[in-house]
Asks: 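Sharing a structure with you now.
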2 protein chains.
Amino acid sequence: MSDPGLACCTPLSGTAMSADQAEQVAPLLKALADPVRLRLVSLIASSTTGEACVCDLNDAFDLTQATISHHLKVLHSAGVLDREKRGVWVYYAVRPEALAAVASLFQAPALTPA
Amino acid sequence: MSDPGLACCTPLSGTAMSADQAEQVAPLLKALADPVRLRLVSLIASSTTGEACVCDLNDAFDLTQATISHHLKVLHSAGVLDREKRGVWVYYAVRPEALAAVASLFQAPALTPA
DNA sequence: ACAGGACATCGACGGGCGTCGATGTCTGAA
DNA sequence: TTCAGACATCGACGCCCGTCGATGTCCTGT
C-alpha cells in the first residue's frame, strides 16, 4: 500500500480486463500453452481437408496413444477442437472462432498499449 | 499405426508448425495462461502512462506482494513485460512485440484452417 | 458370434506451478 | 548512520499437469 500523498505513479485508469474475463479466457490460453497441443492444432489446421484422425496424429509424435488422446480431450474441452466419430475413426477439426478469439484478445485495447 | 493400404484419411500435408517452433512459442503462451497474469498485463497496458509500479498492482489483487512479484517475474522472463527501476519504485511496461507475436500466431496459415 | 483394431478411460508416478510467510537487498530520508 | 519502506528472493506446501502402461468400449469384418 502506497501513501496517497506520495503516489509513485498515476493510479491505473483506463478500462482493464475484468477478473471474470480473465478467469474465462485463461483456460483457453492454458489449453494452447503446450508444445504438443500447439503442434496438434497446427497439424489439424494445415491438413488438406481441415480435419485429421487420431491414428495419423499419433504417428507424428513420439508419444503414447493415451497421451495424444489426453491432449485432444483437453483441446476439445477448451473448445479449440471439434470431435466427430465416423465409423471406426475419430476426426478432429479446429474451431476457427476459438483461435480468432485469442488473436483478437491480444489486439484489444485492454491489452495493447497506446 | 494405420495400415497404409487402408488409410483413414489424407496423410496430413500442408506446412504445419515445426516442433522447434512449438517449443519456442509455448513458454510465451504459458506465461499468459493465468488469470492473474492476464489481469496484470491488462492493468499495465491500460494505464495512462503505459506503465505501472508494483505497489499499485498489489492493491488490485487479494494476493501477497510476494505472489505478485513472482507473477511479474514470470512475465518479465517470458519477454512480455519490461522492467525499469526508478528510485525506490519499479515500473513494468508491456512489450507490444510479444503480444503481437501471439496475435499473429493465431492468424498464421499454420494455425488457421482454409 | 467372434476376433481385431481404433480410440477413450483409469490409476499412478514425477515434476512443475501458484501461493504463502519469512527474510534479504536496496534506496531515500531523518 | 540509522531507519523505514518498496520490492525481490527463499523455502515450503498443496495441487494440477504431462506421461505412461493397462484396461475398457465401440465398431467392423469374417
Side-chain angles (χ1 to χ4, degrees), chain A residues 1-9 19 22-23 26-41 44 51-78 81-93, chain B residues 1-9 19 22-23 26-41 44 51-78 81-93:
Chain A
M1 300 185 217
S2 57
D3 190 312
L6 201 67
C8 55
C9 57
E23 298 275 356
L28 180 59
L29 269 299
K30 194 172 289 189
L32 292 165
D34 182 275
V36 174
R37 290 199 284 265
L38 272 179
R39 287 182 60 199
L40 279 171
V41 174
I44 298 172
E51 59 185 10
C53 68
V54 183
C55 59
D56 281 347
L57 295 174
N58 268 329
D59 298 354
F61 297 87
D62 279 338
L63 291 172
T64 305
Q65 176 261 330
T67 301
I68 299 296
S69 188
H70 163 70
H71 285 308
L72 290 171
K73 181 191 181 73
V74 171
L75 288 169
H76 176 60
S77 300
L81 294 183
D82 265 336
R83 193 184 109 100
E84 186 188 358
K85 182 167 188 174
R86 289 205 294 269
V88 192
W89 297 299
V90 174
Y91 294 80
Y92 284 91
Chain B
M1 296 190 219
S2 58
D3 190 313
L6 202 65
C8 55
C9 56
E23 298 274 357
L28 180 58
L29 270 299
K30 192 172 291 188
L32 291 165
D34 181 275
V36 174
R37 291 200 283 266
L38 271 180
R39 287 182 62 201
L40 279 171
V41 173
I44 298 172
E51 59 184 9
C53 69
V54 183
C55 58
D56 282 347
L57 295 173
N58 267 329
D59 298 354
F61 298 87
D62 279 337
L63 292 172
T64 306
Q65 175 261 330
T67 300
I68 299 296
S69 187
H70 163 70
H71 284 309
L72 290 170
K73 180 191 180 73
V74 171
L75 289 168
H76 177 60
S77 300
L81 294 183
D82 265 335
R83 194 184 108 101
E84 185 187 358
K85 182 166 188 174
R86 288 204 296 269
V88 190
W89 298 299
V90 174
Y91 294 80
Y92 283 91

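Just so it is clear, the structure is predicted and the values come from calculations on it, not from any experiment. Proteins come first, then strands; the chains are lettered A, B, ... in the order of their sequence lines, and each starts at number 1.
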Asks: Return the value, rounded to whole Å, for the distance between atom NZ of B/K30 and atom C1' of D/dC17.
Replies: 9 Å
Asks: Figure out the CG/P separation between B/L57 and D/dA6, and round it to whole Å.
Replies: 14 Å
Asks: Report the distance from atom CZ of B/R86 to atom P of D/dC7, rounded to the nearest whole Å.
Replies: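 Distance, rounded to whole Å: 12 Å.
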Asks: For C/dC7, does OP1 or OP2 lie under 4.0 Å from any side-chain N or O of A/R83?
Replies: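 No, no such contact exists.
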Asks: Specify the closest pair of heavy atoms between B/P35 and A/A22, including all atoms of both residues, with the distance to one decimal.
Replies: O-CB, 3.5 Å
Asks: Rounded to whole angstrom units, what separation is found between the CZ atom of A/R39 and the P atom of D/dG18?
Replies: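 Computing the A/R39:CZ to D/dG18:P distance gives 16 Å.
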Asks: Is a side-chain N or O of B/S77 found less than 3.5 angstrom from the main chain of B/K73, in a donor-acceptor match?
Replies: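 Yes, the answer is positive, given that a donor and an acceptor are paired below the 3.5 Å cut-off.
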Asks: Between C/dA6, D/dA8, D/dG18, which nucleotide has the shortest distance from any of its atoms to the side chain of A/V88?
Replies: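 Closest nucleotide to the A/V88 side chain: C/dA6.
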Asks: Does D/dA8 have OP1 or OP2 under 4.0 Å away from a side-chain N or O of B/Y92?
Replies: yes
Asks: Using the side-chain heavy atoms of A/V54, tell me which of these nucleotides is nearest: C/dC7, C/dT27, D/dT19.
Replies: C/dC7
Asks: Please name the pair of heavy atoms, one in A/Y92 and one in A/V54, separated by the smallest distance, quoted to 0.1 Å.
Replies: CE1-CG2, 3.7 Å
Asks: Given C/dA8, is OP1 or OP2 found less than 4.0 Å from the side-chain N or O atoms of A/S69?
Replies: yes
Asks: When you measure from the side-chain N and O atoms of B/H71 to the phosphate of C/dT19, is any distance below 4.0 Å, counting only OP1 and OP2?
Replies: yes
Asks: Assign A/L72 to base, sugar-phosphate, or nothing according to its heavy-atom contacts below 4.0 angstrom with the strands shown.
Replies: nothing
Asks: Roughly, in whole Å, what's the span from CG in A/L63 to P in C/dC7?
Replies: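 Rounded to the whole Å, the gap is 16 Å.
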Asks: Considering only residues two or more places apart or on different chains, which pairs with a residue in residues 31-40 of chain A satisfy salt bridge (Lys or Arg N to Asp or Glu O under 4.0 Å)?
Replies: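 Passing the test, one end in residues 31-40 of chain A: no pairs.
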Asks: Does B/K73 have a side-chain nitrogen or oxygen under 4.0 Å from the phosphate oxygens OP1 or OP2 of D/dT9?
Replies: yes
Asks: Mind calculating the distance between CH2 (A/W89) and P (C/dC7) to the nearest angstrom?
Replies: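 Going from A/W89 (CH2) to C/dC7 (P), I get 8 Å.
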Asks: Could you work out which one of C/dA6, C/dT27, D/dG21 sits closest to the side chain of A/A66?
Replies: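 Nearest to the side-chain atoms of A/A66, counting from C-beta on, is D/dG21.
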Asks: Tell me whether the side-chain N or O atoms of A/Q65 pair up with the base of C/dA6 as donor and acceptor below 3.5 Å, since no angle test is needed here.
Replies: no
Asks: Mind calculating the distance between CG (A/N58) and P (C/dA8) to the nearest angstrom?
Replies: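 Going from A/N58 (CG) to C/dA8 (P), I get 9 Å.
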Asks: Rounded to whole Å, please give me the gap between CD1 in A/I68 and C1' in D/dG18.
Replies: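 From A/I68 CD1 to D/dG18 C1': 11 Å.
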Asks: Can you name the side chain to side chain donor-acceptor pair (under 3.5 Å) partners of B/E84, sequence neighbours left out?
Replies: B/R86
Asks: Could you check A/K85 against A/T64 and say which one's nearest nucleotide on DNA chain D is further toward the 5' end?
Replies: A/T64
Asks: With a 4.0 Å cutoff (strictly under), does any side-chain N or O of B/T67 reach OP1 or OP2 of C/dG18?
Replies: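 For B/T67, the contact criterion (side-chain N or O under 4.0 Å from OP1 or OP2 of C/dG18) is not met.
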